[in-house]
Amino acid sequence: MINEELHTYLEELIPERQPLFAEMESYAKIHHVPIMELAGIESMLQLLRIHHSKTILEVGTAIGYSALRMAEALPTAQIVTIERDEERILAAEEFFKRTSLSGNIHLIKGDALEVSELAGHYAPFDAVFIDAAKGQYKKFFEIYSKYLSAGGMIITDNVLFKGLVAEKEIESKRTRNLVKKINEFNHWLMKHPDFDSVILPVGDGVAISKRRGESN
Ligand SMILES: C[S@@+](CC[C@H](N)C(=O)[O-])C[C@H]1O[C@@H](n2cnc3c(N)ncnc32)[C@H](O)[C@@H]1O
């Protein structure tokens with residue numbers, strides 16, 4: 001997205017995270033768990049602070065890194081987060097237990113395409129953060145935008161997918177199909193009649209969407 005030197009420069013400017021977050025970042029690296037890129041998460045946290053989001057729904061907990069970062073950045077916010085992978089659920093629960101923030105996080109175990117009613121009990125949400133299976137973004141957006149509070153926003157990560165969305169030739173068929181789906185989602189989102197959206201080339205590409213005509 002930006003050149004390597006500038007990327008390193010920006011990452012080095014980001015303040016050190018507390019030891020638990022640094023441990024989670026290492027854990028994610030070692031166990032190949034995709035967590036949000038640093039510049040992406042810092043941008044999202046700042047947006048959530050400015051927006052004063054009090055209730056946040058996250059689709060895609062993984063090991064709970066972004067959920068805990070949001071809980072720390074917004075100490076009065078309630079965070080509901082959905083994950084379907086059992087191993088990651090266990091890891092997230094272990095990390096949550098080690099903080100004083102766990103009371104603000106509610107983990108829903110299951111497929112986000114199936115547990116929306118459960119998540120709906122905590123609605124409305126000031127912010128919905130979509131960070132799960134990239135091929136299903138449109139479905140997640142359609143399902144969970146219903147639970148958005150007036151003036152709420154939807155943040156979607158990985159919409160530029162390492163810059164591959166702009167690549168013409170992609171060798172792997174699987175990657176090509178995924179890129180096609182993300183591209184379709186991006187075009188659909190940018191033309192959505194009910195939402196104003198912008199795609200920021202930060203981290204892995206972050207889309208910010210807000211329902212038209214609503215202020216908070
Ligand atoms: C990119 S990771 C989430 C990273 C996390 N938000 C962070 O930044 O720390 C995506 C996670 O979404 C989960 N996931 C994918 N599709 C899902 C679905 N349909 N329902 C629930 N979880 C899903 C995956 O198991 C994976 O752990």
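FYI, the numbering just counts along the sequence from 1. Worth knowing before you read on, the calculation uses all heavy atoms, side chains too, and leaves out hydrogens, waters and symmetry mates. Every number for a ligand or one of its atoms is a count from 1 in the order of the listing.
Residue-ligand proximity: Glu58 is placed with a non-hydrogen atom under 4.0 Å from ligand 1. At least one heavy atom of Glu83 sits closer than 4.0 Å to an atom of ligand 1. Contact between Thr61 and ligand 1 is present, with at least one heavy atom of the residue lying under 4.0 Å from the ligand.
Of the protein's heavy atoms, Ser66 OG, 3.3 Å lies nearest to atom 5 (C) of ligand 1. Ranking protein heavy atoms by distance to atom 26 (C) of ligand 1, first place goes to Arg88 NH1, 3.2 Å. At the shortest separation from atom 19 (N) of ligand 1 among protein heavy atoms lies Asp111 OD1, 3.0 Å. In terms of protein heavy-atom proximity, atom 20 (N) of ligand 1 is nearest to Ala112 N, 2.8 Å. Here the heavy atom of the protein found nearest to atom 17 (C) of ligand 1 is Arg84 NE, 3.4 Å. With respect to atom 8 (O) of ligand 1, the closest heavy atom belonging to the protein is Met36 N, 2.8 Å. Ranking the protein heavy atoms by distance from atom 1 (C) of ligand 1 puts Pro34 O, 3.2 Å first.
Between Ala133 and ligand 1, at least one pair of N/O atoms sits closer than 3.5 Å.
Ion pairing between Arg212 and Asp196 holds under the 4.0 Å rule for side-chain N and carboxylate O. With salt bridges taken as basic N to acidic carboxylate O contacts below 4.0 Å, one links Arg84 and Asp111. Here Arg176 does not pair with Glu167 in a salt bridge; the nearest charged N to carboxylate O distance is not below 4.0 Å.
Evaluated by nearest non-hydrogen atom to atom 21 (C) of ligand 1, the leading choice among Gly203, Ala92, Gly110, Ala132 is Gly110.
Within the structure, side-chain hydrogen bond (donor to acceptor under 3.5 Å, both in side chains) contacts touching residues 87-99 (residues at least two apart or in different chains) are Glu23-Arg98, Glu93-Lys109, Glu94-Lys97. Within the structure, the salt bridge (Lys or Arg N to Asp or Glu O under 4.0 Å) test picks out the following pairs touching residues 46-75 (sequence neighbours left out): Glu42-Arg69.
Looking only at atom types and distance, the side chain of Gln78 has no donor-acceptor partner in the side chain of Tyr122 under 3.5 Å away.
Here the two rings, on Tyr144 and Phe125, have centers that are 6.0 Å apart or farther.
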